[in-house]
Number of protein chains: 2
Amino acid sequence: MEVTVIPNHTCHGVFAALLCPGHRPRNAAATRTAILDAARERFAAESYDDVGMRDIARDVGVDAALISRYFGSKDDLFLAALDSCTDGSTLMSGDKADFGLRVANEIVFEPKTAEKLKGMAIMLRSIGSTKAAEIVQTTCSARFFNPLEEWISGPDAPVRARLLAGFIMGMSVSRELGGGGFNMDLADCEKMRDRLAPILQGLIDG
Amino acid sequence: MEVTVIPNHTCHGVFAALLCPGHRPRNAAATRTAILDAARERFAAESYDDVGMRDIARDVGVDAALISRYFGSKDDLFLAALDSCTDGSTLMSGDKADFGLRVANEIVFEPKTAEKLKGMAIMLRSIGSTKAAEIVQTTCSARFFNPLEEWISGPDAPVRARLLAGFIMGMSVSRELGGGGFNMDLADCEKMRDRLAPILQGLIDG
DNA sequence: CGGTCATGTCAACGCATGGTGACTTATCGT
DNA sequence: ACGATAAGTCACCATGCGTTGACATGACCG
């Protein structure tokens, strides 16, 4: 029996978007950034190995082959997604005097999908995968470790930077291990923040 | 053209092990533990997704099918490997007064394959994999978080335990991101230890 | 020595993945 | 209005995975 296959969208023209909801007008640049956005979101939520090209393609509403065309290999896409994140410098944009409190607040209270920490979320998700490890290590050094080390710029800056980075990442991992949250009530979260802030600040001050 | 396939080992008898190096006498219990050891080692070095049943089988010198026979699914093997690790209680076996220094020393100077931290290495490697996440979370709570929380047993024990666990794991992650080490000379490593120890100790003392 | 059962191997299945080239279709300049 | 070309889709490939059931074989018991 012959079945008539209905293509995804037969509508066209300038009103296509109105007549046919979900229709994406043909626009390479827009599609490219849509893919990049979806990839960033996926890689922040799942590990390199768990994210499939077809998953990202489905999120965007596009064929997986198009991703390969635009970004090359999966490695290239992963790197592009990581590069498209706001880097660690946003953590260092404010005043040094209240760095500890600012960061502690973000770690404890901001949802894990906070834009500022999305790059770190991606790195933590895929740090275990050997295929992504090299990219993660390189990016982390270039966009997080080194700027932090330069920014704090006191005695033993490398040591203090490594401790800071480790603590920040560790709290993210800890939250992840708790199943996406710290599983504590508000009062305990505040206590955690109040204990964490001076520790971080102490590493900043020297 | 017919080729004669030589089986792995045609030797037999009580002297087989002597006559035929690499020969493993048939012993279910010994083979089982050999598989478990190999799995533990693999899972500590690579993520859940990167470790293949055939890899472990090759390490042991056994067919992959045998692993399925002994342990069931890959999940079951992963859980068994994790359970076979010395748990976090070894960190708490000593005196509370020098916990900070002891742990800081282990974190900074012990090789990442240290037996005491192997369980944590496995968890960190596979925390990103959705297929292993649930097992990791459950095991981590049961064998690390909860004992630690109970052991420190002061005011705000949950908060302090989470911070401690986060810091310890974070330093492990940080070392991993550095490419398997902190990339610092001995003097800096000692400085790191000397800064880390009092922070950990402070969380123990309350 | 010979049978027997546990122990281990082999070949294959079904599935999912990343990637590729040929094809279709919408868009835009003329 | 129409053809050229960019934009997107489709079918497919090679590969690797975990797992299974049928088969081989070595160690032990009588």
Side-chain angles (χ1 to χ4, degrees), chain A residues 3 5-17 19-20 22-35 39 42-43 46-58 60-79 129-132, chain B residues 3 5-17 19-20 22-35 39 42-43 46-58 60-79 129-132:
Chain A
V3 292
V5 176
I6 302 175
N8 280 343
H9 300 100
T10 55
C11 53
H12 53 85
V14 291
F15 296 122
L19 297 172
C20 184
H23 177 93
R24 173 184 306 281
R26 288 194 167 186
N27 180 338
T31 304
R32 212 190 120 95
T33 70
I35 291 172
R42 277 274 175 188
F43 282 126
E46 298 168 75
S47 78
Y48 180 89
D49 300 288
D50 284 339
V51 173
M53 305 289 267
R54 289 168 173 85
D55 297 329
I56 301 173
R58 204 178 311 117
V60 183
V62 143
D63 192 273
L66 200 62
I67 304 182
S68 292
R69 234 229 251 312
Y70 279 166
F71 290 93
S73 72
K74 188 182 178 183
D75 275 19
D76 297 329
L77 175 63
F78 181 74
L79 179 59
S129 166
T130 55
K131 285 196 282 289
Chain B
V3 292
V5 176
I6 303 176
N8 279 342
H9 298 100
T10 57
C11 54
H12 53 84
V14 290
F15 295 120
L19 297 172
C20 184
H23 178 94
R24 172 187 305 283
R26 289 195 166 186
N27 180 338
T31 303
R32 212 191 120 95
T33 70
I35 291 171
R42 277 273 175 189
F43 282 125
E46 297 167 75
S47 77
Y48 180 90
D49 299 287
D50 284 338
V51 173
M53 305 291 267
R54 289 169 174 86
D55 297 329
I56 302 173
R58 205 178 312 118
V60 183
V62 136
D63 192 273
L66 200 63
I67 304 183
S68 290
R69 235 232 253 306
Y70 279 167
F71 290 91
S73 73
K74 189 182 178 184
D75 275 20
D76 296 331
L77 175 63
F78 181 75
L79 179 59
S129 165
T130 55
K131 286 195 282 288

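To find a chain, count down the sequence lines: A is the first, B the second, and so on, and within it residues start at 1. Owing to the predicted nature of the structure, the values given are computational and were not obtained by experimental measurement.
- Here the C1' atom of nucleotide dG8(C) and the CZ atom of Arg26(B) are 5 Å apart, to the nearest Å.
- With sequence neighbours excluded, the residues that form a ring pair (Phe, Tyr, Trp, His ring centres under 6.0 Å) with Phe78(B) are Phe43(B), Tyr48(B).
- With sequence neighbours left out, Asp75(B) forms a salt bridge (Lys or Arg N to Asp or Glu O under 4.0 Å) with no residue at all.
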Could you run down nucleotides 14-20 of chain C 5' to 3' and tag each one B, S or - for protein heavy-atom contact under 4.0 Å? ----BBB

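- Within the 4.0 Å cut-off from OP1 or OP2 of dT7(C), not a single side-chain nitrogen or oxygen of Tyr70(B) is found.
- Side-chain atoms of Arg32(B) and Asn27(B), non-hydrogen and from C-beta on, never get closer than 4.5 Å to each other.
- Every residue was checked against the salt bridge (Lys or Arg N to Asp or Glu O under 4.0 Å) condition with Asp76(A), not counting sequence neighbours, and none meets it.
- In this structure, Leu66(B) places its CG atom 15 Å from C1' of dG18(D), rounding to the nearest Å.
- In this structure, Ile35(A) atom CD1 and dG8(D) atom C1' are separated by 10 Å, rounded to whole Å.
- If you take CG of Asn27(B) and C1' of dC28(D), they are 13 Å apart, rounded to a whole angstrom.
- For Arg69(B), there are no salt bridge (Lys or Arg N to Asp or Glu O under 4.0 Å) partners at least two apart in sequence or on another chain.
- Under the side-chain contact (heavy atoms from CB on, under 4.5 Å) criterion, Asp50(A) pairs with Glu46(A), Ser47(A), Asp49(B), Ser129(B), Thr130(B), Lys131(B), not counting sequence neighbours.
- One interatomic measurement links the two molecules: CZ of Arg32(B) to P of dA6(C), which rounds to 17 Å at whole-angstrom precision.
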